[in-house]
Amino acid sequence: MTDRDTDLHTRHRAVMPNWQALYYDQPLEIVSGEGRRLTGGDGRVYLDFFAGILSNSLGYGVPEINAAIERQLAAGVVHTSTAYLGRAQVEYAERIAELSGIPDAKVFFVNSGTEANEAALLLTTHARRSNQVLALRNSYHGRAFATVAITGNRGWGTTSLSPVHVSFVHGGYRYRSPFRDLSDADYIDACVADLRDVIQTTTAGDVACMIVEPVQGVGGFATPPDGLYGAMKEVLDEYGILFVTDEVQTGWGRTGEHFWGYQAHDVVPDVLTFAKGAAGGLAIGGVIARAELMDGLGANSLSTFGGNPLTMAGAIATLDYMLAHDLQAHAAKLGATLLSGLRTLADGATVIGDVRGKGLMIGIELVTPGTTEPSPRAAAMVLEECRRGGLLVGKGGLHGNVIRIGPPLTLTEAEAEEGLGILSTALGKVHETLV
Ligand SMILES: Cc1ncc(COP(=O)(O)O)c(C=O)c1O
């Protein structure tokens, strides 16, 4: 680590909260970026397979995004507030309402995934006059009071106090589920039976909503069988329980096969939330819901910076770019290359317990070789080895033992192969050390 890095790290530790953890034994400062490559404060150039936690959806220095932002800067206004009409805000809302697949949809803009999910909880609990919520085990939905409560991961459970009454159901995380050895169809049946049981035994029946991540992000890209949420929705419908899909990580074609993660489940959501990659790295969040639900609040509400002109310029340019370059199909293609490469590696390395995911959302669950014991140590070692090899990857999972791969959707084939090579070396070294 250079003196410059040491100094910054010391200053960081002195002034930032302890619970806001940094990656790496010697934390990295990002100084600049181009394409899918980042230059660190250590002077090294890294291939980026984590994209600012899946938020830099198009990579770095994208001329179309820069031009859109610069045009708005040149207009002299980066903020107006929601007290005035916003042309870009209305245009973007019209387009994503249509894309959402939710009939008669309206859009409310905020600035993060947490706020989007808080808004979804507000809408659904208000509509149902109930504070009861269903969420999935191993979920992550945000850091504020209600979103922490619906997060089913002890590692992120910063408080047990809660404005909502939450019941957690099975389904998202199959690798460590009691139903793991069942066929897809039987797994779905078991989860549906569990849902029914949880509603009957832990709620008063008039539950407001169930919220799901189609692929669990922080939970280690845990990927349930297709069709699970459609089957669960049939039970929800018996009780009038609303269905919320948290697309903060799975949206915008990242899963490859669909534009939204929920579309693998033969279900139409009542509410959809998004954030992270929507605006090419600018802070954004939003909730899309049927008009009747959205308009149901009986008092004023607003988000001062929600839908601000600078973010909207970036969001429209990002959406245009994604659609014009069919990044969804691209994610499907490169995701398949990465998945099959990693599955081949897993055949020869017993430190790899599971390789899973969809499109450019791939998780590698690491275990004590030859067992299913989670190995956070192996994950920490792989993270460091990848960095040594020039590749940035993410980490997650309930036990901190899952390597997460979520590169910009503009990743090239050559970069996919390069990253796979670095991962292969890193996983091989860690496997050799631990067996
Ligand atoms: C699925 C999901 N929902 C919500 C959030 C919260 O988003 P934010 O950190 O922007 O508040 C995250 C963040 O990782 C997420 O992965």
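For ligands, and for the atoms within them, numbers begin at 1 and follow the listed sequence.
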Which of the numbered atoms in ligand 1 are under 4.0 angstrom from any heavy atom belonging to [X]?
X	answer
H141	3 (N), 4 (C)
S112	10 (O), 11 (O)
N117	3 (N), 4 (C)
E213	1 (C)

- Query: Looking at NE2 of H79 and OG1 of T304, how far apart are the two atoms once the value is rounded to the nearest 0.5 Å?
  - Reply: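 Reported value, rounded in 0.5 Å steps: 6.5 Å.
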
May I ask you to identify the nearest protein heavy atom to [atom], giving residue, atom name and distance to one decimal place in Å?
atom	answer
atom 16 (O) of ligand 1	Q249 NE2, 2.7 Å
atom 8 (P) of ligand 1	G113 N, 3.5 Å
atom 11 (O) of ligand 1	T114 OG1, 2.5 Å
atom 15 (C) of ligand 1	V248 CG1, 3.7 Å
atom 3 (N) of ligand 1	D246 OD2, 2.7 Å

- Query: Do E115 and ligand 1 have an N or O pair less than 3.5 Å apart?
  - Reply: no

- Would you say K276 touches ligand 1, if touching means a heavy atom closer than 4.0 Å?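 Contact check K276 vs ligand 1: positive.
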
Could you check whether [X] pairs with [Y] (Lys NZ or Arg NE/NH1/NH2 to Asp/Glu carboxylate O, under 4.0 Å)?
X	Y	answer
R36	E418	no
R290	D270	yes
D25	R387	no

- Message: For a quick test of reading the model, state the closest non-hydrogen atom pair linking I102 to A289 and the distance between them.
- Response: CG2-C, 4.2 Å

- Among W156, F274, Y140, which residue places a heavy atom closest to atom 5 (C) of ligand 1? Y140

Is a donor from one side chain sitting under 3.5 angstrom from an acceptor on the other, for [X] and [Y]?
X	Y	value
N117	T273	yes
E365	Y173	yes
E213	S139	no

